[in-house]
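Note on naming: letters A, B, ... go to the chains in the order of the sequence lines (proteins, then strands), and numbering restarts at 1 for each one. Predicted model, so just to flag it, every value in this text is computed and none were measured. Every heavy atom of this structure was used, including side-chain atoms; hydrogens, water molecules and symmetry mates were not.
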There are 4 protein chains.
Amino acid sequence: MIIVTREGITEEELDHIRERVEAMGLRTHVSRGEHRTVIGCVGDEGRLLHVPLTSIPGVETVHEVMKPYKLAAREFSADPTRVTVGKMDFGGTELGVIAGPCTVEGSDMLRETASRVGAAGARALRGGAFKPRTSPYSFRGLGEEGLRILAQVREDTGMPVVTEVMDTRQVELVASYADVLQVGARNMQNFALLSEVGRLRRPVLLKRGMSSTVKDFLLAAEYVMSQGNPNVILCVRGIRTFETATRNTFDLDAIPVLKQETHLPVIADPSHAAGRRPLVAPLAYAAVAAGADGLMIEVHPDPECATSDGEQSLDLNEFDALMAALRPFASAAGRTLPAPSEAVASMSV
Amino acid sequence: MIIVTREGITEEELDHIRERVEAMGLRTHVSRGEHRTVIGCVGDEGRLLHVPLTSIPGVETVHEVMKPYKLAAREFSADPTRVTVGKMDFGGTELGVIAGPCTVEGSDMLRETASRVGAAGARALRGGAFKPRTSPYSFRGLGEEGLRILAQVREDTGMPVVTEVMDTRQVELVASYADVLQVGARNMQNFALLSEVGRLRRPVLLKRGMSSTVKDFLLAAEYVMSQGNPNVILCVRGIRTFETATRNTFDLDAIPVLKQETHLPVIADPSHAAGRRPLVAPLAYAAVAAGADGLMIEVHPDPECATSDGEQSLDLNEFDALMAALRPFASAAGRTLPAPSEAVASMSV
Amino acid sequence: MIIVTREGITEEELDHIRERVEAMGLRTHVSRGEHRTVIGCVGDEGRLLHVPLTSIPGVETVHEVMKPYKLAAREFSADPTRVTVGKMDFGGTELGVIAGPCTVEGSDMLRETASRVGAAGARALRGGAFKPRTSPYSFRGLGEEGLRILAQVREDTGMPVVTEVMDTRQVELVASYADVLQVGARNMQNFALLSEVGRLRRPVLLKRGMSSTVKDFLLAAEYVMSQGNPNVILCVRGIRTFETATRNTFDLDAIPVLKQETHLPVIADPSHAAGRRPLVAPLAYAAVAAGADGLMIEVHPDPECATSDGEQSLDLNEFDALMAALRPFASAAGRTLPAPSEAVASMSV
Amino acid sequence: MIIVTREGITEEELDHIRERVEAMGLRTHVSRGEHRTVIGCVGDEGRLLHVPLTSIPGVETVHEVMKPYKLAAREFSADPTRVTVGKMDFGGTELGVIAGPCTVEGSDMLRETASRVGAAGARALRGGAFKPRTSPYSFRGLGEEGLRILAQVREDTGMPVVTEVMDTRQVELVASYADVLQVGARNMQNFALLSEVGRLRRPVLLKRGMSSTVKDFLLAAEYVMSQGNPNVILCVRGIRTFETATRNTFDLDAIPVLKQETHLPVIADPSHAAGRRPLVAPLAYAAVAAGADGLMIEVHPDPECATSDGEQSLDLNEFDALMAALRPFASAAGRTLPAPSEAVASMSV
């Protein structure tokens, strides 16, 4: 921590600031400039988190030197973390594609979707059973019945399932069905929920909050990890800005920033970023080109009749086309994708 | 709902769109312009929420005509809603001031704060027992012990208490101690929590999310109200923008917008908006001038030693000064404040 | 300037960084922490502006210690700057109100507006002759004819006039008619224009750019001042955020921040912030409560027929009502306003 | 234009609104719903731009049906526009890469850069002679001397040059040297400058403003085109958001949106978006994957010693590496790049 003091600070004020810092077990190092005196604080910066430094008389600004996250930081792990989901690892060379409907609407539509997206190269099936909806009057999902359908389709197709958990009281229930627990953008700072999914070892797919900085995002991952669960997959999905031409503004630059800052796998959800079907494919290619470890894409057999997010869902043929066009981009990025036939084979178990 | 179609739409596409709308029980009304044909949908717009209109071929844009919230809308209630807390009503002529520390740190500091802020004209005491913290390594509050201290201080001083609830599993516990349940900015779209506090009749102080629009905010209130709890106090507290000179950007203009759009009381939290002590007072005066029904202000006997938010907490004398300077602004806004002596009297029960 | 180095920096890298800094004539001061070494740079920070410090190997982050603006900084002037416009000073005790139509449409409407707003307590008349319009197909003002009308109405009513200049080639022309040169939000970083108005001594009303930080805003003022023109009035008018309920988000908190950071007068334009007539008055009261030195308000004799900004223009009676209601707020803020009669008298010159 | 009226509107109010619309030569079409009456306005929407519809009593909201830009709209041109610069067309199959230093610092550094970036496949040279700088104390370029150096290096290497124009008074001067006139982000709504460059036929590289919507951006292009200059290249370069981990937030999703909305070529400037060297390459690959017609990249022989933007400038080897890694992405996107040898050949003229 570096403390910049106000112009004209008195020696008494300076001493008082140093005492407060040293009382927390850090050493201080004073550097007197022409206009400002600067105090460097050497030692465990975390101990200063409790001290409202800027409210001490004479303090002008405070600059953090250390990153506030530890377990999520790149420096914590020599190698990229791999999170195993079904037969593949997120964070390895293979690009992990998760696809499926926004909401589980029934077993036939889900099984059809799973078969087709699996055949095209997706490795996991998404589908919402508990849905966060901005309006209390929108359809909020089938609940536990949706979870049962997910589990049944997994059994039928061999595809691991990703589904959202919204309530601390449901973590155990959702975890009893799901292979990956999704924490949605609106719950990215629901700290009780983060702690709860951190108590399990089940992989967590953590979506970036709409107005969260990269630092906030990594601190949310730190919540999960600090409870003992290292299996966190980060997912960018668009942030909120002044632009109204898209549902959200795709935070693509967060992908290379995150790859620098953390060892955790990073995937992208171009469907929510775009909010409109024709934009999904170009954003998906771009995410892979920027270094994403995977994609999550909304696919529905009949988007026009989807109970939610139909505007941004691809139909089954559009998803096939996207996956075919994605291959050369994946290859340019040094990534592999399962061959369509291999995927089909793996499903016929 | 008004549907604007693409240039060059075919009659078949037009018919298909109308069929989809009419199948939901609305009537359609077609208006053919020179370049675009527009379809007006007459009837219960809510039924169209499930239909992904923009994914139907030929649709260019869709404009909502009705507000998506009902119970929270100004039109729903002829008179402003009054939410009773202790001896006063939020939403009436009297300006309701809530003050106290960010976090309950102990019974002495809380009792001292309560006595002093009550004497100065505050009508309720705030204090966090369960604290949402961006970092898992920050102090997260005393928990139930904090609730017990709040209840004890209420007994000692007669001040009703406002405290945050963060977890659906704790709603019952917090409600057994608190007079007002606060839902924080980070949980404004924690729909499970909103529903849970909606099942009680206890007043809910709902803070605006950092990147929530006014519409999102009112839909969050609608979640609470649609469960049967009409006692919602809205609180603006700053939104997240590109500006870094303040902790948040104070969303003051939301105050008159909300007063137009809803019958619910609207208060402001200048402490979180400002993030720095010297800005709290001017923002408080401004909020009252803009029509706020009340204020929530962080006050601590020794801000320099506060366990959280010390930078933005006023000390007891600063709060006295703010309240004194606030009186002529309140009066200019047609509002009353309890006389300092009266407040002292009410506390000596 | 404080330079934080990367973990594991070598002595050679450290030496190289110090050499680069010292070559610019500053001294360096090294503080070795457990994980990071920090280099304090003592001397004239401005000299380091040309050095891309973060591109030097081993540098992680750089923190500025000094403010990048000098002439505009609070420290530069012991007293608040007063900018004289007609018979009053912006930056003194009197609240300076500028009112008038968005666009000069003709001499009758302008004279009527000037008389009425002057009688109500406004001290200067606004009106656009050259209008920045987002669309090339919108009306862009009467040009020089508009300037002539402004000058004529000033002669008739004694009201000084404020009008916008958009083009370096027109600065001389506009200055030959106007008492105050307005630089609009879209031109806040039109550095050629800032320099050009800086070469005159005519007061400049500088509006904050829609996505400019407070620091950018003060640097724009510094451009004007560094050319020799100290007569800058800063005007907040709303910033661009994700919120769509208002035309802009009123940046009210910038008022007390600016009053802390600079000695220049600060006024507010609630009309552009609000974008809708019913919001103008509450935002105006709030701006004064927050410490603004004045207001700029759009007023039109018949807003429904205004050629631009009719949605946010008050009619003459609404302006009278606003000024009447503003008085107690001004008084609460320790400000004066000219008595309505006095204003009338001053106009009958 | 569609006008939604307030609940409870009277017949007189309704008639008045219709009269106002019909007086502008449009027909009205009334659709009465259960709660709201909607008025469709059929005819030339542009005529309603002057009418402040929302200020007419009884009007609640107004929705535009037509796009406000005409010449820039996709519908205006059957084929994508190609803008010829030197030996290639922006908007064709070949990916157009512009590279060079932020600022022209001298002829040797510029010639060296031009030779190397040309050999690597860049088709045009960038370099600033007049520089917009946030601080008046930063280096603002060599001015006309910089233009002369650019022209000399063009003669030596055969590379066309792109340089910024900031002042209406300099348009003619800059155009006498430059092949492409760049209008920077801060001047995107400098309407006088847009009109001035629109009077020439020289290609204009128009950068998106930091807080401009896609609609604002296309209206800025419309300014240029409406003066008669169809040769506009749009350039995305990052927008301003709450995120501080990058200099700007890369507005990648604007690329496919713009490709849908307009026939103009769209390129990306990953250097300004990123603000940091290690992020430039991944953002460049992503932009091409998303459909960009070209790239503009800052390259400097010695970034550590650059007079501006050294943090985000690649050195010559890094640029070679980027171009090599870009080829498979370009190929995946159906784009070509000049072979390195071919580029070398073209330079040896």
Option that, when pairs with chain C are counted at under 4.5 Å, heavy atom only, ranks first among Ala325(B), Pro282(B), Ala287(B):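 Of Ala325(B), Pro282(B), Ala287(B), Pro282(B) has the most heavy-atom pairs under 4.5 Å with chain C.
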Which of Ala333(B), Pro278(B), Ala289(B) touches chain C most, by non-hydrogen pairs under 4.5 Å: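 The residue among Ala333(B), Pro278(B), Ala289(B) with the greatest pair count is Ala289(B).
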Which atoms of Ile255(C) approach chain B - backbone, side chain, both or neither, heavy atom under 4.5 Å: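 Interface part for Ile255(C): neither.
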Portion of Ala284(B) that has a non-hydrogen atom of chain C nearer than 4.5 angstrom: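 For Ala284(B), no heavy atom lies under 4.5 Å from chain C.
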Heavy-atom proximity to chain C below 4.5 Å, by part of Ile239(B):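 For Ile239(B), the contact with chain C is made by the side chain alone.
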So between chain B and chain C, what donor-acceptor pairs come in under 3.5 Å?
{"from": "Arg208(B)", "atom 1": "NH2", "to": "Glu243(C)", "atom 2": "OE1", "distance (Å)": "2.6"}
{"from": "Val214(B)", "atom 1": "N", "to": "Glu243(C)", "atom 2": "OE1", "distance (Å)": "2.8"}
{"from": "Glu243(B)", "atom 1": "OE1", "to": "Arg208(C)", "atom 2": "NH2", "distance (Å)": "2.6"}
{"from": "Glu243(B)", "atom 1": "OE1", "to": "Val214(C)", "atom 2": "N", "distance (Å)": "2.8"}
{"from": "Phe250(B)", "atom 1": "N", "to": "Asp253(C)", "atom 2": "OD2", "distance (Å)": "2.8"}
{"from": "Asp253(B)", "atom 1": "OD2", "to": "Phe250(C)", "atom 2": "N", "distance (Å)": "2.8"}
{"from": "Gln260(B)", "atom 1": "OE1", "to": "Arg276(C)", "atom 2": "NH1", "distance (Å)": "3.3"}
{"from": "Arg276(B)", "atom 1": "NH1", "to": "Gln260(C)", "atom 2": "OE1", "distance (Å)": "3.3"}

Heavy-atom pairs under 4.5 Å with chain B, option from Val214(C), Val288(C), Leu283(C) with the top count: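 Most heavy-atom pairs under 4.5 Å with chain B: Val214(C).
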All side chain to side chain contact (heavy atoms under 4.5 Å, CB included) counterparts of Ala99(B), not counting sequence neighbours: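 Ala99(B) satisfies side chain to side chain contact (heavy atoms under 4.5 Å, CB included) with Val117(B), Ala122(B), Val299(B), Phe319(B) only.
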